[in-house]
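These numbers were taken from a predicted model, which means no experiment stands behind them.
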There are 2 protein chains.
Amino acid sequence: MWNADIVTTPPRGLRERKKQATREALREAALRLAVERGPDQVRVEDIAEAAGVSPRTYNNYFASREQAIVSAVTADREARIAAAVAARPAGVRLADAVTDAVVEQYTNTGEREHKALLLITTQAALRDAFLDTAAGIEPPLTAVIAERLDDAEAHTARVLAASVAAAVRIALEGWLRPAGKAEAAESFAAGGLVVPSGSLPDQLRTALAPLAPAFDAAEQHTQP
Amino acid sequence: MWNADIVTTPPRGLRERKKQATREALREAALRLAVERGPDQVRVEDIAEAAGVSPRTYNNYFASREQAIVSAVTADREARIAAAVAARPAGVRLADAVTDAVVEQYTNTGEREHKALLLITTQAALRDAFLDTAAGIEPPLTAVIAERLDDAEAHTARVLAASVAAAVRIALEGWLRPAGKAEAAESFAAGGLVVPSGSLPDQLRTALAPLAPAFDAAEQHTQP
DNA sequence: GCGTAAAGTTGCGTGCACGCAAGTTTACTG
DNA sequence: CAGTAAACTTGCGTGCACGCAACTTTACGC
């Protein structure tokens, strides 16, 4: 959705600001109501009303009820990750820059955020919506990786970014799976291999580690 | 969903066979009606009626109308890919085994399949549903990769499989994007980098290539 | 074979996503 | 400053996804 620049530059027109305000109001309302009444006791109509817009407008902003709730926690983490990568000095290994940026942005967990995460784990639909947010880091990551690599290897950047997104998703999945054992057993029917779930940073690093050689190879193609 | 074994072993009970038959009937009906009338002139009710089940039963099988249509083309490609990987001799490089298997299973395009693909490209919702099928290769791929690698590195297998799925998705995207230029320009707003779209096999190999070093490294950890 | 438990199907009801077209606000140009 | 084009909001209507509970079919043990 957004690239790193937009994070730093404030919205230009009054139009944009109102839009952001509405989005924020909806996020806020969705999360507050979900916490107050429980996730499935809140209807789109309620959220829209609390934010002062029509239900139809509500889903000009969010494609699903879950997305609104989750986005209050996620905020603009995607852009922050991209910015964090861009902020690393050009000398460091790209694989490290990415890994550190991801871990950093997922561990800055405020009080309110942590509370909301607890809520999310309680309902399958919310967990899924939360996992889907991982895919959102792909576009900004693509841009920032392409910048470090040569632009000639744009497709490589895209694949690497998508792989990172997939790995992050897996890490998050493994992290909040303990809440749902049945599914894990089912999806891994092939071999009963279960991973002892550690802390989130550990999960992230473990998931990203296998991709490091791919980053290294890509990097060497540009600066041999 | 399925692992490689299930492909070869026929369904055991009468129960399973009826289920498969219903699924097949729905797939078939969905595709036929979509071709006859055009994709958006077919309602779930019609598909269900043509297959001889209730509308409610229809979406015990498929979560969306698009999924049913697309699945007629996709069939059980996921399982075939996994089987193809498993079929390669143990000596070959894992990266090559996977790449070749993927390319092979995506290029065996029959007449009817090719016709349906043309239909899919015409509608955005169908294209999206088709792209989503790429994610389906992750579970069987995870199983078969884990088998080649040491089972101790199960998490690595999972990440690699997910990365392959992501890469395949990107390849497919790039392949059928020419039908929708506007979106491409928008999603790549950061830098106007466009990839000249070649044939599907080329796209697949190009997308999978950056992952090869990761496969090599994983393989070397098990057999140094 | 018979009874029982599990799996699958169906009707019904509810809330929702989304297309469409009209009305309203913002931004841009001369 | 006025006029116009583009963006955003909203009401309305349609089809759909999905939970729930009753009913039917299959599988399994005694």
Side-chain angles (χ1 to χ4, degrees), chain A residues 1 10-26 29-30 33-34 37-71 122-129 132 182-183 186 189, chain B residues 1 10-26 29-30 33-34 37-71 122-129 132 182-183 186 189:
Chain A
M1 294 286 166
R12 289 209 322 212
L14 182 152
R15 203 186 192 94
E16 317 280 334
R17 266 175 294 165
K18 284 191 75 169
K19 226 178 141 179
Q20 284 308 317
T22 302
R23 174 170 241 109
E24 186 92 7
L26 284 169
L33 292 177
R37 318 182 180 174
D40 41 324
Q41 293 305 319
V42 59
R43 289 175 310 186
V44 163
E45 191 185 338
D46 305 330
I47 302 176
E49 189 184 6
V53 296
S54 88
R56 183 62 183 86
T57 293
Y58 159 85
N59 70 343
N60 287 338
Y61 285 89
F62 297 103
S64 78
R65 198 178 61 254
E66 290 77 19
Q67 216 174 83
I69 299 176
V70 161
S71 92
T122 65
Q123 213 184 49
L126 286 177
R127 280 181 297 170
D128 291 348
D132 284 345
E183 307 171 37
E186 187 178 10
Chain B
M1 292 285 165
R12 288 209 322 215
L14 182 150
R15 206 186 192 90
E16 316 279 335
R17 266 175 294 164
K18 284 191 76 169
K19 225 177 142 180
Q20 283 308 317
T22 302
R23 176 171 239 109
E24 186 91 9
L26 284 170
L33 291 177
R37 319 181 179 175
D40 43 323
Q41 293 306 318
V42 61
R43 290 176 309 186
V44 164
E45 191 186 339
D46 304 330
I47 302 176
E49 190 185 3
V53 296
S54 88
R56 183 62 184 86
T57 293
Y58 160 85
N59 71 346
N60 287 339
Y61 286 90
F62 296 102
S64 78
R65 198 177 62 254
E66 290 76 19
Q67 214 175 85
I69 300 176
V70 162
S71 92
T122 66
Q123 215 184 44
L126 285 178
R127 280 181 297 172
D128 291 347
D132 285 343
E183 307 171 37
E186 187 179 10

Using atom names, set out every protein N or O paired with an N or O of nucleotides 18-22 of chain D below 3.5 Å, distance rounded to 0.1 Å.
residue	atom	partner	partner atom	Å
D:dG19	N7	B:R56	NH2	3.1
D:dG19	O6	B:R56	NE	2.6

If I take atom [atom1] from residue [X] and atom [atom2] from residue [Y], how far apart are they, to the nearest 0.5 angstrom?
X	Y	atom1	atom2	result
B:I69	B:L26	CD1	CG	12.0 Å
B:N60	B:S54	CG	OG	7.5 Å
B:R127	B:Q123	CZ	CD	9.0 Å

Looking only at side-chain atoms of [X], point me to the closest of [options].
X	options	result
A:K19	D:dA17, C:dC16, D:dC8	D:dC8
A:R65	C:dC16, D:dA17, C:dT10	C:dC16
A:K18	D:dT10, C:dT9, C:dT26	C:dT26

Quickly work out the [X] [atom1] to [N] [atom2] distance and round it to whole Å.
X	N	atom1	atom2	value
B:N60	D:dC16	CG	C1'	14 Å
A:E16	C:dT25	CD	P	18 Å
A:E66	C:dG15	CD	P	15 Å
A:R23	D:dC8	CZ	P	11 Å

Subject >> Interface residues of residues 38-54 of chain B with DNA chain D (non-hydrogen, below 4.0 angstrom) >> reply: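 Result for residues 38-54 of chain B: B:R43, B:V44, sorted by number.
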Original post:
Taking atom CD of A:E49 as the centre, does the number of heavy atoms from other residues, nucleotides or ligands within less than 6.0 Å exceed 12?
Top reply: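 Open: at most 12 neighbouring heavy atoms sit under 6.0 Å from CD of A:E49.
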**OP:** Look at A:Y61 and D:dT9 and indicate whether a side-chain polar atom (N or O) is within less than 4.0 Å of OP1 or OP2.
**Re:**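 Affirmative; the distance criterion is met.
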Subject >> Ring-face cation of A:R65 near A:Y58 (centre distance under 6.0 Å, axis angle within 45°) >> reply: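 Judged by the rule, A:R65 and A:Y58 form no cation-pi pair.
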Subject >> Rounded to 10 degrees, the angle between the two terminal axes of the helix from C:dG1-D:dC30 to C:dG30-D:dC1, each from five pairs >> reply: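 Taking five pairs per end, the axes differ by 40°.
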Original post:
So, A:T57 side chain and A:V53 main chain: donor-acceptor pair closer than 3.5 Å or not?
Top reply: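 No; judged by distance alone, with no hydrogens or angles, the pair does not exist.
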**OP:** Before giving the answer on side chain to side chain contact (heavy atoms under 4.5 Å, CB included), spell out for B:Q67 and B:Y61 the whole-Å C-alpha distance, their side-chain angles and the decisive distance to 0.1 Å.
**Re:** CA-CA 10 Å; B:Q67 214 175 85; B:Y61 286 90; over 6 Å; no
Original post:
Going through the checks in order, is the side chain to side chain contact (heavy atoms under 4.5 Å, CB included) test met by A:I47 and A:R43?
Top reply: CA-CA 7 Å; A:I47 302 176; A:R43 289 175 310 186; over 6 Å; no
Subject >> Exercise: identify the closest heavy-atom pair between B:L126 and B:V70 >> reply: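 Closest pair (atom of B:L126, atom of B:V70, distance): O-CG2, 3.8 Å.
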